[in-house]
Amino acid sequence: MNITIEGNSVAVEAGATCADALALGLSGKRFKASVAARAGDALLDLSAPVPDGCTALGAVLLDSDEGLDILRHSAAHVMATAVQRLFPKARVTIGPAIDNGFYYDFDPPRPFTQDDFAAIETEMRHIAKAAEPFVRREVSKEEAIRFFEEKGESYKVEIIREIEADTVSLYDLAEFTDLCRGPHLPNSGFVKAAKLLSVAGAYWRGDEKNKMLSRIYGTAFADEAALTKYLHHIEEAKRRDHRKLGRELDLFDFHEEVAPGMVFWHPKGMLVRTILEDFLRKEHLKRGYELVQGPQLLRRELWEKSGHYANYRENMYFTEIEGDAYGVKPMNCLAHMLIYGSALRSYRELPVRYAELGVVHRHEKSGVLHGLLRVRQFTQDDAHIICTPDQLEDEIISVIRLVRDLFSLFGFSYKLGVATRPDKSIGSDEAWELATDALIKALEKLNLPFVINEKDGAFYGPKIDCRVTDSLDREWQCSTIQCDFTLPERFDLVYVGQDGERHRPVMVHRAILGSLERFIGILIEHCAGAFPTWLAPLQARVVTVTENHDRYAQKVSDTLRSKGLRVDADLRNEKLGYKVRAAQMEKIPYVLVVGEKELESGGVNVRLRGGDTIGFKTLAEVESLIRADCEEPFKQEGMNYRFS
RNA sequence: GCCGCCUUGGCUCAGUUGGUAGAGCGGCUGAUUCGUAAUCAGCAGAUCGUCAGUUCAAAUCUGACAGGCGGCUCCA
């Protein structure tokens, strides 16, 4: 039969393998770099026969995304084989490839530790060196179950029992056989640049009621150079860790023993926060929001009425005074609804948009806390939009616009997802449909790419989530836009329509940056501590050459401060180079050097954060330079934010 | 909460087989008066996370607890 191999038509004998076919159609070099074959959407082992009716085959190269995926999946098998040799009693479970690597979950007699890595890696190298072939076999379910039962591999048996097909595929690698869909590398010889990275506990099937397994994470690359580069990248990313930079730049800290998961903002960090908050308030007012604020404590009865007490009690803080029980708010919606409900509203008032930088407390489990990214007390840039069903889509569009504008202002890339109705949910089908449609249509109208996260919505309504990544590529949710039909019902929110009748409004909960703490944490990592000039706690530092220039430096600093710029002066008795270095490490955008020449001519010598010296400038020039720098990001957004 | 690891001056880290603590940075003082990423010297600063236990003797060994780190589950 004739098939096309990447554009070349070749004649293939019946019973030929994918490798045979590719060898005919590819250059020798390309063939050698191939680790699997592609037929349409399917990936096949090179050793697999060319499928019946197949008319075209492509090569999957080792260093392509798909090739790396296969490499890492195969590396997981190599690791499992090594573990089986060293720890015969360790039962195996699953071991997939993931972004940047792979893992394998084991149920060992004792959990693995990093100290086991050396031995496992050595064994993995032996297996790689032996270039053991991966051999695929199709067997009946019964046969597979019998096979794994004999080996005592109960987890595998459990998985196989749930597979619907009549047959399953097994892969042999040396003496280790694993249930696996494949495809795999032709042999283990390709797994030469692999490294084990960490151990972790992981629940069997991700359910915390199940047994905790011992997971080993590792990674593998096409060659040693790529692996070294990746490991270097990880090291580099750790330098950007907001927890490290927060301490080094004196932005914030934690006092774990007295308030785990709660931030202590130092002056510089608080300044960044304050500037950000001021900007957010102005931007919200500009976009038709009204600012409100509710109390931190609300009577327990209210939380019972809202359903939070029933569903969320474990995560709430409670207090009691003079026999009255209060709950510390974990969210801001209730106060906003009470404000809405304080008067009978007309349809003419809608949409109502209440915004609050609301401080909330959530008692997160101790193991999940993570610097600023996961805390127990945080501030949401929260708002609740109460509108008619007709207004819903337009409201959502403007919220998404705000998300888009703010995230591009900071230069973040983000991923949007629409979470649809979960199995456990309340509300009518029409309401769900109306809201889900509104969310999707809004995203489509703005031409923003998004994914659908099936059944991932809140129990009271669908939502749009926006996720951004930290320096180590971990994803964190920031924006959330949630439609809610429950609370307006429970709190009997109404508006008087044109017809004089009372109607039920729709409510949208939305946060754009999400939590200010989390957002600032990610921002720190994003800019490696070098905040954009409009947010930098110090925009410029005057640095003297000798103490003869102290008075002049102080005058320069005072003058610029009086213009509203954030400036200080380093008058320490140190060499210029020392103070320049200090300013550089504090990531101050502008260093203004003053010495004899500047004293005489009445200006400063400007050095930029990046290291460039742009030379002599008058103070007026410096002022407009810094202002222009502040306004630059806003021009791109068409926000025209002024710094005066 | 669960699994593994970790906790020594403000920070980063040494501390060999148990014999009651060291360095660099930072801070302070003095000398130096210097032109774009570290001038020199001196001084101060630690009941080694907490509480028990083993021991003649514990930073070091054991246990519990509290935090932290990496994951899991959860979540903004």
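Chain naming here is simple, since letters A, B, ... match the order of the sequence lines and numbering starts at 1 in each.
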(Q) Once you apply a heavy-atom cut-off of 4.0 Å, does A:Arg474 come out as touching a base, just sugar-phosphate, or nothing? (A) sugar-phosphate

Q: Would you classify A:Val375 as touching base, sugar-phosphate or nothing, given that sugar-phosphate means primed atoms plus P, OP1 and OP2, and contacts are heavy atoms under 4.0 Å?
A: base

Q.
From the set B:U33, B:G68, B:A76, return the single nucleotide nearest to any side-chain atom of A:Pro260.
A. B:G68

Q.
I'd like to check A:Leu416 versus A:Ile464 (side-chain heavy atoms, cut-off strictly below 4.5 Å). Are they in contact?
A. yes

Q) Checking all strands, does A:Gly595 fall into the base, sugar-phosphate, or nothing category for heavy-atom contacts under 4.0 angstrom? A) base

Q) Can you find a donor-acceptor N/O pair under 3.5 angstrom joining the side chain of A:Gln482 to the base of B:A76? A) no

If you restrict it to nitrogen or oxygen atoms, what contacts under 3.5 Å exist between nucleotides 12-14 of chain B and the protein, and what is each distance?
from, atom 1, to, atom 2, distance (Å)
B:U12, OP1, A:Arg247, NH2, 3.0

(Q) Considering every strand and a 4.0 Å limit on heavy-atom distances, what is the contact class for A:Gln477: base, sugar-phosphate, or nothing? (A) sugar-phosphate

Q. Mapping A:Ser198 and A:Gly206 to their closest nucleotides on RNA chain B, which lands nearer the 5' end?
A. A:Ser198

**Q.** Ion pair A:Lys579/A:Glu574, N-O distance below 4.0 Å
**A.** no

Q.
What's A:Glu598 touching, base or sugar-phosphate or nothing? Going by heavy atoms closer than 4.0 Å.
A. base

Q: Using a 4.0 Å heavy-atom cut-off across all strands, classify A:Tyr217 as base, sugar-phosphate, or nothing.
A: sugar-phosphate

Q: Classify the nucleic acid contact of A:Arg374 as base, sugar-phosphate or nothing, counting any heavy atom under 4.0 Å across all strands shown.
A: base

Q: Indicate, with a heavy-atom threshold strictly under 4.0 Å, whether A:Glu517 touches base, sugar-phosphate, or nothing.
A: nothing

Q: Scan A:Asp465 against the nucleic acid and name what it touches under 4.0 Å (heavy atoms): base, sugar-phosphate only, or nothing.
A: nothing

Q: Between protein and nucleotides 23-31 of chain B, map the contacts as a letter string: B base, S sugar-phosphate only, - none, heavy atoms under 4.0 Å, written 5' to 3'.
A: ---SS---B

Q) Among side-chain atoms of A:Glu517 and A:Thr379, is any donor-acceptor pair under 3.5 angstrom? A) yes

**Q.** Ring centers of A:Phe318, A:Tyr309 separated by less than 6.0 Å
**A.** yes

Q. Under 4.0 angstrom, heavy atoms only, what part of the nucleic acid is A:Arg215 near: base, sugar-phosphate, or nothing?
A. sugar-phosphate

Q) Does a side-chain N or O from A:His370 land closer than 4.0 Å to OP1 or OP2 of B:C75, or not? A) no

Q) Using a cut-off of 4.0 Å between protein heavy atoms and nucleotide atoms, how would you tag nucleotides 1-10 of chain B 5' to 3' with B, S and -? A) BBBSS-----

